[in-house]
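Here the structure is a predicted model, which means the values were calculated and not measured.
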Amino acid sequence: MDTHLNDHHTPAEHAALRFLTAGSVDDGKSTLIGRLLLDSQALMTDQVQALQARSRTPDALELALLTDGLEAEREQGITIDVAYRYFATPRRKFIIADAPGHEQYTRNMVTAAAGSHAAVVLVDVTKLDLHAPQVALLPQTRRHALLAHRLGVAHLIFAVNKIDAVTDPGAAFAAVRAALQAFAQQAGLQPTAIVPISALRGDNVTQRLQAPWWDGPALLELLEGLPVPQPRSDGPWRLSVQWVQRDGDGTGHQARVYWGRLASGRVRVGDTVQVHPSGELAQVVRLLHHAGAERPEARAGQSVGVVLDRQLDISRGDWLGAPGTLQAQRRFAATVAWLDPDPAAIGRRYWLRHGHRWVQGRIAAIEHRLDIHTLTPQPADSLGVNELARVIVDVAEPLPVQPLDGASPQPGALIMVDPGTHRTSAALLVEA
């Protein structure tokens, strides 16, 4: 497994990159973001002055204060909420999500991962037993890496942090890298890179580390070169209707415009469309840009308004797509990340959201629970908070689900909500 980024880039490498920092508590996620903001000169003078005033030692800036915005976060020294920050280099723009490391707030990490192109999972080298025959990774490191992978995050980077705090950094990094490679192989992950850093001191963050045991790129170099995954335009098209607009002034024929973001494929004026759940067929007569201008076609990832050649009963949450491609199912298999303090119970009713449609559903069976330490399936009849499992889901209305695809995630991802507490209970990722 190569620890360096492949040198073959695509035009998508210059698009804005959304990435999150993940890992265990106190691994240095917020400090890393602060270092990136500071060294890329993304901070105003007054922000730096305020940071100096709030830091206990003006000469040693507490960079985590830049993202830990809640008072409770500053008091406890942990990240609770997801903090988003923005910065740019001459090569590209970045949107960073600082995800909590505490197990109690794993649901927030899932929220951040769902919209990210890359995940930087930090590993605190000072917390690990470097003298063990094989270094044992922390449970949250393993959990966050698995969640990012299962949620379809395209690029996974392991950043071995606090490399300045060990006596022999070269040997320490080699031992942790071997442990990460073994974990990745066992879990079926393919990390984009494994890099050493010191977020506090800035080693190998924006400038390359000068050390005989490291000849690779700095973290920022890797992030600047990552290609942003593009939605797939080569398959059949499908769109979840988000909003139905009625044109006209209330008199005469009033065409409906069905707005949404194209989840996959491409649609052209003149194409035949099938509606889910009605199954009705129609023809596309106009495609609209959000500003009202017409366009001859739309591709995956674009927002578009679709006008049909006849009036049909279509509402928010319905799907439009190429005929024969919206194969709806009442039962499907899924990986579940359970996020609720209340355990998952077989047969209990929940609300499920797929695209823009809400339906009732239940977990019909738990095929197995994933042991986070051994990565082996274990029998289970219920699930606790932060557990991963493969389940069978029944829904009250057929849904056009598809196995999760990182390039077009919408048809393959659902959320599960407790009808009593209104908490998001789980993230569901459809499997083949």
**Q.** Candidates Leu17, Ile33, Leu36 - the one meeting side chain to side chain contact (heavy atoms under 4.5 Å, CB included) with Phe94
**A.** Leu17

Q: Give the intermediate values and the outcome of side-chain contact (heavy atoms from CB on, under 4.5 Å) for residues Val120 and Leu20.
A: CA-CA 6 Å; Val120 179; Leu20 79 147; over 6 Å; no

Q: May I have the step-by-step check of side-chain contact (heavy atoms from CB on, under 4.5 Å) for Phe19 and Leu223, ending in yes or no?
A: CA-CA 9 Å; Phe19 73 93; Leu223 296 172; 3.8 Å; yes

Q. Are Trp338 and Tyr350 near enough that their ring centres are under 6.0 Å apart?
A. yes

(Q) Can a donor-acceptor pair be found, under 3.5 Å and without considering hydrogens, that links the side chain of His354 to the backbone of Pro411? (A) yes

Q. Do you know the tightest heavy-atom contact between Leu429 and Ala413?
A. CD2-CB, 4.5 Å

Q. When you look at Phe87 and Thr89, which way does the side-chain contact (heavy atoms from CB on, under 4.5 Å) test go after all the steps?
A. CA-CA 7 Å; Phe87 77 101; Thr89 69; 4.0 Å; yes

Q | Nearest-0.5 Å distance, CG of residue Leu128 to OG1 of residue Thr126 | A | 7.5 Å

Q: Kindly write out the residues that satisfy salt bridge (charged side-chain N to carboxylate O under 4.0 Å, His left out) with Arg316, not counting sequence neighbours, or none if the list is empty.
A: none

Q. Atom OG1 of Thr31 and atom CG of Leu200: how far apart are they, to the nearest 0.5 Å?
A. 6.5 Å

**Q.** Listed partners of His422 passing side chain to side chain contact (heavy atoms under 4.5 Å, CB included), at least two apart
**A.** none

Q) Within the side chain of His368, is there an N or O that forms a donor-acceptor pair under 3.5 Å with the backbone of Gln378? A) no

Q: Applying salt bridge (charged side-chain N to carboxylate O under 4.0 Å, His left out), name anything that partners Arg331, two or more places apart in sequence or on another chain.
A: Asp394

Q) Arg143 side chain to Asn386 main-chain N or O, any donor-acceptor pair under 3.5 Å? A) yes

Q) Is a side-chain N or O of His155 found less than 3.5 angstrom from the main chain of Pro229, in a donor-acceptor match? A) no

**Q.** Check: Ala218 main-chain N/O paired with Glu221 side-chain donor or acceptor under 3.5 Å
**A.** yes

Q) Is any side-chain heavy atom of Leu156 closer than 4.5 Å to a side-chain heavy atom of Gln190? A) no

Q | Minimum side-chain heavy-atom gap Asp318-Pro277 below 4.5 Å | A | yes

Q. Rounded to the nearest 0.5 Å, how far does CD1 of Ile197 lie from CD1 of Ile163?
A. 9.5 Å

Q. Roughly how far apart are Ile392 CD1 and Arg362 CZ, rounded to 0.5 Å?
A. 11.5 Å

Validation: residues 236-243 side-chain donor-acceptor distances under 3.5 Å, sequence neighbours left out:
from: Arg238; atom 1: NH1; to: Pro400; atom 2: O; distance (Å): 2.8
from: Arg238; atom 1: NH2; to: Thr325; atom 2: O; distance (Å): 3.0
from: Ser240; atom 1: OG; to: His356; atom 2: N; distance (Å): 3.3

Q: Report the residues that fulfil salt bridge (charged side-chain N to carboxylate O under 4.0 Å, His left out) with Arg299, sequence neighbours left out, ordered by chain and then residue number.
A: Glu297

Q: Can you spot which of Asp340, Asp342, Asp418 makes a salt bridge (charged side-chain N to carboxylate O under 4.0 Å, His left out) with Arg348?
A: Asp418

Q. Ignoring hydrogens and geometry, is there a side-chain-to-backbone donor-acceptor pair from Arg330 to Ala396 under 3.5 Å?
A. yes

Q: Considering non-hydrogen atoms only, spot the tightest contact between Phe173 and Ile194 and give its length.
A: CZ-O, 3.6 Å

Q) For the side chain of Asn204 and the backbone of Pro196, is there at least one donor-acceptor N/O pair under 3.5 Å apart? A) yes

**Q.** Residue pair Lys162, Asp27: steps toward the salt bridge (Lys or Arg N to Asp or Glu O under 4.0 Å) verdict
**A.** CA-CA 8 Å; Lys162 306 182 185 178; Asp27 279 357; 5.8 Å; no

Q) Any side-chain heavy atom of Leu352 sitting closer than 4.5 Å to one from Gln360? A) no

Q: Find out whether Leu388 and Leu147 are in side-chain contact, i.e. whether some heavy atom of one side chain is under 4.5 Å from a heavy atom of the other.
A: yes

Q. Going through the checks in order, is the side-chain contact (heavy atoms from CB on, under 4.5 Å) test met by Leu320 and Leu326?
A. CA-CA 8 Å; Leu320 308 179; Leu326 297 172; 5.9 Å; no

Q. Looking at Ala199 and Asn161, what are the two nearest heavy atoms and their distance?
A. N-OD1, 2.9 Å

(Q) Is it the case that over 12 heavy atoms from other parts of the model lie below 6.0 angstrom from the CG atom of Asp371? (A) yes

Q.
For Val430, give me all partners under side chain to side chain contact (heavy atoms under 4.5 Å, CB included), at least two apart in sequence or on another chain.
A. Phe332, Val401, Leu414

Q: Nearest 0.5 Å please: distance from the CG atom of Leu339 over to the CE atom of Met416.
A: 11.0 Å

Q. Is a donor on one side and an acceptor on the other found under 3.5 Å between the side chain of Arg142 and the backbone of His373?
A. yes

Q: Looking only at non-hydrogen atoms, find the nearest pair between Trp351 and Pro419 and report the distance.
A: CD1-CB, 3.7 Å

Q | Short side-chain to backbone donor-acceptor contact, Arg261 and Gln302, under 3.5 Å | A | no

Q: Would you check if the side chain of Ser116 reaches a backbone N or O of Ala119 as a donor-acceptor pair within less than 3.5 Å?
A: no

Q) What do the steps show when you test Glu397 against Arg357 for salt bridge (Lys or Arg N to Asp or Glu O under 4.0 Å), and what is the final call? A) CA-CA 10 Å; Glu397 303 173 27; Arg357 178 181 292 275; 3.5 Å; yes

Q. Would you say Ile157 and Leu226 make side-chain contact, with heavy atoms under 4.5 Å?
A. yes

Q | Distance-minimising heavy-atom pair for Ala145 and Leu189 | A | CB-CD1, 4.2 Å

**Q.** Worked verdict on Glu387 versus Arg369 for salt bridge (Lys or Arg N to Asp or Glu O under 4.0 Å)
**A.** CA-CA 7 Å; Glu387 290 193 320; Arg369 175 184 63 84; 3.7 Å; yes

(Q) Under a plain distance cut-off of 3.5 Å, with no hydrogens placed, do Thr272 and Gln274 share a side-chain donor-acceptor pair? (A) no

**Q.** Non-hydrogen side-chain atoms of Pro341 and Arg423 separated by less than 4.5 Å
**A.** yes

(Q) I want to check something: taking the side chain as every heavy atom from C-beta on, are Val336 and Val393 in contact at a cut-off of under 4.5 Å? (A) no

Q: Could you grab the distance from atom CD1 of Ile314 to atom CH2 of Trp319, nearest 0.5 Å is fine?
A: 14.0 Å

Q.
Can you confirm whether Val135 sits close enough to Asp129 that some side-chain heavy atom of one is under 4.5 Å from a side-chain heavy atom of the other?
A. no

Q. Looking only at heavy atoms, which two atoms of Ala334 and Leu428 are closest? And how far apart?
A. CB-CD2, 4.2 Å

